[in-house]
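Read through the structure below, which is laid out as structure tokens, and then see the notes.
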Amino acid sequence: MTQYDVIVIGAGAAGLFCAIEAAKRGRSVVVVDHANKAGKKILMSGGGRCNFTNLDITPENYLSANPHFCRSALNRYTQWDFIGLVAGAGIAYHEKELGQLFCDNSAKDIQQLLLSELAAAGGELKLETSVTKLVALEQGFSMNMASKPVQCSSLVVACGGLSIPTMGASDFGFRIAQQFDHEVLEYRASLVPFTWNNKDKEHWSALSGVAVPATVTSQTKSFSLDLLITHRGISGPAMLQISNYWQPGESLTIDWLPSIDVAEQVQQDRHEQGKKQLKTWLAQYLPARLAEFFVEQLKLQKTLAELTKADVERLATHLNQWQFNPGGTEGYRTAEVTLGGVNTNEVSSKTMESQKQPGLYFIGEVLDVTGWLGGYNFQWAWSSGWAAGQVC
Ligand code: FDA
């Protein structure tokens, strides 16, 4: 019977980081993954350059039923700690925007950093290996790994969520949690593009490829960032961010001209630009295709001077407060994260250890902690993995 101190299930960002920390403490550690490569999501993240953290990490950038849960780990292993590790390894990086740090060369630099740190600390990695027959012993756990029995004293669940099933995502982490009587809060695809409802699709898909800065507002939150019209719906950073706060069935308000009060601007400009077609006037502020589309939709093929008070009101509402009723989202196929997951009220925020089953730990995305777009989710993986790695 093979015996380890620590078995980590899931060789993603959180699992690898936890294993490194535990192995550095002299624990015998193995990381198992059913995929054929470690850190597949790291490799595909940030358009292949991995947005590995953010300069401005605060608990307010995370969603959870227990908003304070993430505080301790984020304070103890900070973005500065991870930046120090990256810089110390000689990996070149840069801030793209909004504090988001990306590798200059390739996300592979981060994956290789983790793998070399794991090897240097003496940790093992087993790929294309499945775990079955997991049971708790009086002390520790036993399971089959690639059909061979193994035991460990600490078991770390780092299986992530359901996004991108083709990359190895599974609900195994949630099932392990339930096996040990943990509550798994309702979960869904997030940081995800929205899809058109049938009615909008017909009109809007011709605008595919148009990108504009806009403000998107849900019932609780607003983001002013770029959005992108696609064949399937609306994507872009503004939409991905708001998807964390959107509830299925809700509508979103889009301000297509966030820096302009349309009604006021029309009143101002109609004196000097009264003869201008509305379409031409609008194209000063919006991409021409979009300007033309709005004018057609509203049937306002008029000059500025010809617009009635009611026309201006309709135009202003349409541009500054457009109501978008999404058909839904693109789902796990393209979502960056799974929102929801293992209830953090039953897990120690300091160590990530289960309060129901000694020796069992949950880290990373499997927990009900979801960050904003922009490096926040990887920082949660590093911080929660580090916290468990100090004690497991
Ligand atoms: P992760 O999903 O990384 O790892 C889980 C591991 O468990 C996987 O290797 C999987 O194969 C394994 N596993 C699952 N089921 C198993 C089973 N039954 N048996 C064995 N192994 C199993 N975040 C960010 O901060 N910056 C960014 O730039 C991006 N970009 C990005 C792009 C795309 C396309 C996606 C999909 C996601 C991002 N993210 C991101 C989010 C980020 O990738 C994510 O939050 C972390 O990878 C979560 O790390 P975990 O280790 O918790 O799970």
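Just so it is clear, the structure is predicted and the values come from calculations on it, not from any experiment. In listed order, ligands and their atoms are each counted from 1.
Between the side chains of W281 and D269, at least one donor-acceptor pair of N or O atoms lies under 3.5 Å. Side-chain atoms of Q297 and H318 include a donor-acceptor pair closer than 3.5 Å. Inspection of the T217 and S222 side chains reveals an N or O donor paired with an N or O acceptor under 3.5 Å. Side-chain contact check for T78 and D81: at least one donor-acceptor pair (N or O, by modelled atom type) lies under 3.5 Å. In summary, the side chains of E21 and Q390 do present a donor paired with an acceptor at a separation below 3.5 Å, with no hydrogens or angles considered. Side-chain contact of S348 with T351: a donor-acceptor pair under 3.5 Å is present, judged by distance alone. Counted by atom type alone, Q321 and T317 present zero donor-acceptor pairs between their side chains at under 3.5 Å. Side chains of N320 and D255: a donor-acceptor N/O pair is present below 3.5 angstrom, by distance only.
Atom 37 (C) of ligand 1 has E336 O, 3.2 Å as its closest protein atom, hydrogens excluded (heavy atom only). Protein heavy atom closest to atom 14 (C) of ligand 1, with residue, atom name and distance, is G168 O, 3.3 Å. Among all protein heavy atoms, the one lying closest to atom 30 (N) of ligand 1 is S45 CB, 3.2 Å. Of the protein's non-hydrogen atoms, the one nearest atom 2 (O) of ligand 1 is K41 NZ, 3.1 Å. Summary of contacts: the protein heavy atom closest to atom 53 (O) of ligand 1 is G160 CA, 3.5 Å.
With ligand atoms numbered from 1 in the order given, ligand 1 contributes 52 (O) to contacts under 4.0 Å with heavy atoms of G364. Annotation for ligand 1: atoms under 4.0 Å from non-hydrogen atoms of A335 are 36 (C). The ligand atoms of ligand 1 that sit less than 4.0 angstrom from a heavy atom of Y376 are 25 (O). Remark: ligand 1 atoms within the under-4.0 Å shell around heavy atoms of I164 are 36 (C).
Using a 4.0 angstrom heavy-atom cutoff, A169 does not count as in contact with ligand 1. Within the 4.0 Å heavy-atom shell around ligand 1 one does not find G47. Every heavy atom of S130 sits 4.0 Å or more from the atoms of ligand 1. Remark: distances from the non-hydrogen atoms of G375 to ligand 1 include one below 4.0 Å.
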Expected list for residues 90-98: side-chain donor-acceptor pairs under 3.5 angstrom, two or more places apart:
from	atom 1	to	atom 2	distance (Å)
H94	ND1	D104	OD1	2.6
E95	OE2	G99	N	2.8

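When heavy-atom distances to ligand 1 are checked against a 4.0 Å cut-off, A38 has no atom that comes that close, whether in backbone or side chain. Neither the backbone nor the side chain of F52 has any atom closer than 4.0 Å to an atom of ligand 1 (non-hydrogen atoms only).
A side-chain contact (heavy atoms from CB on, under 4.5 Å) with V347 holds for exactly one of E353, K356, H182; it is H182.
Distances between N or O atoms of G161 and those of ligand 1 include no value under 3.5 Å. The distance criterion of under 3.5 Å between nitrogen or oxygen atoms is not met by A35 with respect to ligand 1. On a distance-only criterion, A14 and ligand 1 share at least one N/O pair closer than 3.5 Å. Close N/O approach between S170 and ligand 1 is found [any backbone or side-chain N/O within under 3.5 Å]. For ligand 1, the polar-atom distance check finds an N/O of E365 within less than 3.5 Å of one of the ligand's N/O atoms.
Looking at F17, W382, F378, W372 and measuring to atom 46 (C) of ligand 1, the nearest heavy atom belongs to F378. Among G10, G12, G371, the residue whose heavy atom lies closest to atom 4 (O) of ligand 1 is G12. Considering only non-hydrogen atoms, atom 8 (C) of ligand 1 lies nearest to D33 out of N36, D33, D171, V131.
As a member of the Ile/Leu/Val/Met/Phe/Trp/Tyr network built from side-chain separations under 4.5 Å, L373 groups with L191, L240, V337.
Looking at heavy atoms from C-beta onward, V30 lies out of side-chain contact with L125 at the 4.5 angstrom threshold.
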